[in-house]
Amino acid sequence: MKKKNILLITSDQQHFDTIGAFNSEISTPNLDRLVKEGTTFKKAYCPNPTCTPTRASIITGQYPSQHGAWTLGTKLLEDRHTVGEDFLSHNYRTALIGKAHFQPLESTDEYHSLESYPLLQDLDYWKNFNEKFYGFEHVELTRNHTSEAHVGQHYALWMEEKGCTNWRDYFVPPTGTMDPKTKHKWPIPEEYHYNKWIAERTNAKLKEYKNNDENFFLWASFFDPHPEYLVPEPWDTMYDTDKLTIPKGKVGEHRKNPPHFGMTQEENPDFSAYMETGRGIHGYHSHLISEDEHKKITATYYGMVSMMDKYIGKILDRLDELGMTENTIVVFTTDHGHFFGQHGLQYKGGFHYEDLIKIPFIVRCPGTLPQNHVSYAMQSLVDLAPTFLSFTDIPIPYQMSGVDQKDVWLNEKEQARDHIICEFRHEPTTIHQKTYVDQRYKITVYYNQEYGEIFDLIEDPNEYNNLWDHPDFQGLKQELLLKYIWAELGKEPLPMPRIWHA
């Protein structure tokens with residue numbers, strides 16, 4: 001029997017409740033199709049709520065504290081083992097189309113970055129680029145979310161090939177000439193949007209693999225709905241703000257939380273005490289916005305999801321056309337969640353609510369995996385690499401600390417893990433926290449701090465009531481702290497088995 005192919009499709013910074021099959025206010029017919037034809041996991045989490053750490057975890061099967069790309073502005077060192085190397089050594093083809101973000105926008109002599117200025121905009125370099133990149137033998141990349149100045153690499157080449165010689169008009173300075181104050185409606189024509197580029201180039205690789213009768217591990221990595229909140233017409237007006245539920249916080253909900261939560265609700269908070277490296281820190285600023293803008297960003301965010309869904313559909317259609325659907329395991333997920341008003345918060349940061357660390361997660365392989373099934377078995381993105389290898393009968397390297405979820409995906413086992421660990425280390429010491437989640441409770445601890453969070457996800461699913469200091473729950477705190485320590489001990493990788501008594 002021919003081995004299974006792996007097609008990983010990811011969005012960027014997508015809230016778990018933005019799939020039409022589970023939320024009637026948003027339209028995602030192609031993600032709904034995956035829901036109907038596959039299994040949706042409702043307790044899936046990221047290992048870190050920022051891009052580089054989690055994306056590195058996807059390809060290493062390790063937590064950020066293990067693979068070393070611990071925050072934004074760091075890189076996954078080239079000596080780290082990746083799942084792509086395992087696939088290549090077993091005669092699979094490997095490719096990544098879209099967002100990588102394994103390396104920072106700055107490069108140094110000691111820590112060279114291929115995703116940095118000015119190299120990312122040296123189009124002659126990228127036109128001739130044919131090196132392996134973290135186990136991917138073929139990559140087509142860019143680094144911009146919507147109109148960001150980081151545009152370049154293979155996406156810029158593609159736009160020029162399509163006749164969009166004025167592509168700089170759709171991106172902000174210093175790369176482009178678009179007004180940075182432009183909101184919600186992105187003037188770029190849909191035919192030049194990176195969603196179309198990713199789908200078109202992914203489909204070209206699928207056709208190549210089919211023609212050559214080759215197995216593959218292919219990652220189609222979309223950039224939306226990561227802000228800035230911009231989407232081309234007609235998607236910018238797809239949703240009526242008066243018909244959408246606009247997420248809100250609850251008055252006084254942060255009184256029992258660590259201080260950085262409440263500070264976000266001030267007009268001019270002073271977060272200087274948290275600034276350790278002098279680099280920017282996500283989320284540590286005022287999160288206050290006007291009611292009108294809040295409504296508009298919600299509608300734009302939904303429009304970005306719906307537009308991306310259209311192009312995910314084009315990839316699924318190509319699988320069907322090529323007769324590859326039943327032999328390809330498709331996984332749709334995202335790198336982490338997003339706030340667009342929940343708890344009075346915007347974007348992301350050191351706030352481990354479910355909105356930020358829980359993620360959409362669907363797996364499909366007709367004839368192999370259950371269809372139209374919903375599971376509450378816990379999943380982590382760190383489990384993807386070992387699970388992919390398990391499905392393709394490739395040995396799982398000992399250094400991978402994620403768990404093999406194959407039997408759970410097949411619905412032959414109830415669960416493979418009983419907890420989640422999520423890390424967020426955004427400064428060496430001042431912003432360093434970890435969260436332990438089980439089927440009922442969540443505890444978050446902070447380095448060198450006596451404050452923390454405990455939420456009962458059954459009795460308090462909206463996470464309004466922090467039990468950390470409640471006198472009636474000190475026994476629970478001790479129990480959860482012990483379970484967290486056990487979880488930390490349990491996730492230490494074993495680079496090799498013990499082969500003798502001494």
Side-chain angles (χ1 to χ4, degrees), residues 16 42-43 45-49 63 65 247-266 269-271 273-274 276 281 283-288 337 339 341-346 348-358 376 378 380 415 417-427 429-491:
F16 68 85
K42 289 297 196 88
K43 294 281 285 184
Y45 291 83
C46 64
N48 183 294
Y63 290 85
S65 56
K248 302 282 188 180
K250 183 179 180 181
V251 175
E253 68 169 295
H254 296 308
R255 281 198 296 263
K256 301 176 186 177
N257 288 342
H260 63 285
F261 285 79
M263 292 169 69
T264 65
Q265 306 306 298
E266 301 171 9
D270 181 8
F271 282 107
Y274 296 87
E276 191 172 3
I281 47 179
Y284 285 62
H285 52 75
S286 176
H287 287 232
L288 302 179
F339 296 114
Q342 297 88 348
H343 303 282
L345 300 171
Q346 301 292 335
K348 57 192 173 190
F351 321 97
H352 282 187
Y353 289 117
E354 298 288 271
D355 304 283
L356 187 59
I357 68 173
K358 195 164 79 167
Y376 289 86
M378 288 187 153
S380 173
Q415 64 180 19
R417 58 163 64 246
D418 61 5
H419 67 271
I420 296 291
I421 291 287
C422 185
E423 308 176 341
F424 183 69
R425 191 172 190 176
H426 206 31
E427 291 280 29
T429 65
T430 57
I431 305 177
H432 185 189
Q433 67 199 69
K434 293 190 180 183
T435 294
Y436 168 93
V437 190
D438 62 24
Q439 286 289 358
R440 177 165 185 174
Y441 295 107
K442 170 192 287 184
I443 185 169
T444 301
V445 296
Y446 294 81
Y447 180 60
N448 283 344
Q449 300 295 342
E450 295 185 0
Y451 54 65
E453 300 135 48
I454 295 174
F455 292 105
D456 185 334
L457 298 176
I458 293 179
E459 295 296 323
D460 179 28
N462 293 317
E463 300 174 276
Y464 290 143
N465 185 24
N466 182 7
L467 303 174
W468 181 268
D469 290 320
H470 197 295
D472 294 343
F473 293 92
Q474 295 311 295
L476 174 66
K477 181 195 291 187
Q478 296 307 312
E479 178 185 341
L480 291 175
L481 286 172
L482 185 58
K483 287 184 175 179
Y484 161 67
I485 294 169
W486 290 343
E488 280 291 331
L489 293 173
K491 75 178 178 64

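Please read all numbers here as calculations on a predicted model, not as lab measurements.
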Enquirer: Any sub-3.5 Å donor-acceptor pair from E253's side-chain atoms to G249's backbone N or O?
Expert: no

Enquirer: Any heavy-atom pair between the side chains of K434 and S65 that's under 4.5 Å?
Expert: yes

Enquirer: Start with the C-alpha distance between Q265 and H287, add both sets of side-chain angles, then the distance that settles side chain to side chain donor-acceptor pair (under 3.5 Å), and finish with yes or no.
Expert: CA-CA 6 Å; Q265 306 306 298; H287 287 232; 5.5 Å; no

Enquirer: Does NZ or CZ of K491 come closer than 6.0 Å to the centre of the six-membered ring of Y63, within 45° of the ring's axis?
Expert: yes

Enquirer: Kindly compute the distance separating NZ (K348) from CD1 (I357), expressed to the nearest 0.5 Å.
Expert: 15.0 Å

Enquirer: Testing the 3.5 Å rule here: is there a donor-acceptor pair between the side chains of T444 and Q433?
Expert: no

Enquirer: Would you name the heavy atoms of T429 and Y447 that are closest together and state the gap between them?
Expert: O-CD2, 3.6 Å

Enquirer: If you draw the axis of the six-membered ring of F16, does the NZ or CZ of K358 fall within 45° of it and under 6.0 Å from the ring centre?
Expert: yes

Enquirer: Using a 4.5 Å cut-off on heavy atoms from C-beta on, say whether the side chain of Y45 contacts that of I421.
Expert: no

Enquirer: Begin from the C-alpha positions of F339 and L356 and carry the test side chain to side chain contact (heavy atoms under 4.5 Å, CB included) through to its verdict.
Expert: CA-CA 6 Å; F339 296 114; L356 187 59; 3.7 Å; yes

Enquirer: With heavy-atom distances below 4.5 Å as the criterion, would you say the side chains of E427 and R425 are in contact?
Expert: no

Enquirer: Any idea which heavy atoms bring F261 and T264 closest together, and the distance?
Expert: O-OG1, 2.5 Å

Enquirer: Hydrogens and angles aside, do S286 and E266 bring a side-chain donor and acceptor to less than 3.5 Å of each other?
Expert: no

Enquirer: When rounded to the nearest 0.5 angstrom, what is the spacing between CG in D355 and CG in L345?
Expert: 8.5 Å

Enquirer: So, taking the atom named CD in E354 and the one named NE2 in H343, what distance separates them when rounded to the nearest 0.5 Å?
Expert: 9.0 Å

Enquirer: Report yes if some heavy atom in the side chain of E459 is under 4.5 Å from a heavy atom in the side chain of R440; otherwise report no.
Expert: yes

Enquirer: Can you find a heavy atom in the side chain of F424 that is under 4.5 Å from one in the side chain of N48?
Expert: yes

Enquirer: Just verifying a value: how many Å separate D460 CG and K442 NZ, rounded to the nearest 0.5 Å?
Expert: 10.5 Å

Enquirer: Looking at W468, is K256 sitting on its ring face, NZ or CZ under 6.0 Å from the six-membered ring centre and within 45 degrees of the normal?
Expert: no

Enquirer: For the CD1 atom of I443 and the CG atom of D438, what is their distance to the nearest 0.5 Å?
Expert: 10.0 Å

Enquirer: Do I281 and H260 pass the side chain to side chain contact (heavy atoms under 4.5 Å, CB included) test, and can you show the C-alpha distance, the side-chain angles, and the key distance before you say yes or no?
Expert: CA-CA 12 Å; I281 47 179; H260 63 285; over 6 Å; no

Enquirer: Say you draw a straight line from CG of D418 to CD of Q439; how long is it, rounded to the nearest 0.5 Å?
Expert: 8.5 Å

Enquirer: Does some side-chain heavy atom of K483 sit less than 4.5 Å from a side-chain heavy atom of Y441?
Expert: no

Enquirer: Please check if any side-chain donor atom of Y436 sits under 3.5 Å from a side-chain acceptor atom of E488, or the reverse.
Expert: no

Enquirer: Between D469 and K477, which heavy-atom pair has the shortest distance, and what is it?
Expert: OD1-NZ, 4.4 Å

Enquirer: Do L467 and N465 come close enough that some side-chain heavy atom pair is under 4.5 Å?
Expert: yes

Enquirer: How close do K248 and Y464 get, heavy atom to heavy atom, and via which atoms?
Expert: O-OH, 4.5 Å

Enquirer: Quick one, N466 with F455, criterion side chain to side chain contact (heavy atoms under 4.5 Å, CB included). Give me CA distance, side-chain angles, the key distance, then yes/no.
Expert: CA-CA 6 Å; N466 182 7; F455 292 105; 4.0 Å; yes

Enquirer: Taking the ring centre of each residue, are Y451 and Y446 less than 6.0 Å apart?
Expert: yes

Enquirer: Taking all non-hydrogen atoms of both residues into account, name the closest pair between H352 and P49 and its distance.
Expert: NE2-CG, 3.8 Å

Enquirer: Under a 4.5 Å cut-off applied to non-hydrogen side-chain atoms, are F351 and P258 in contact?
Expert: no

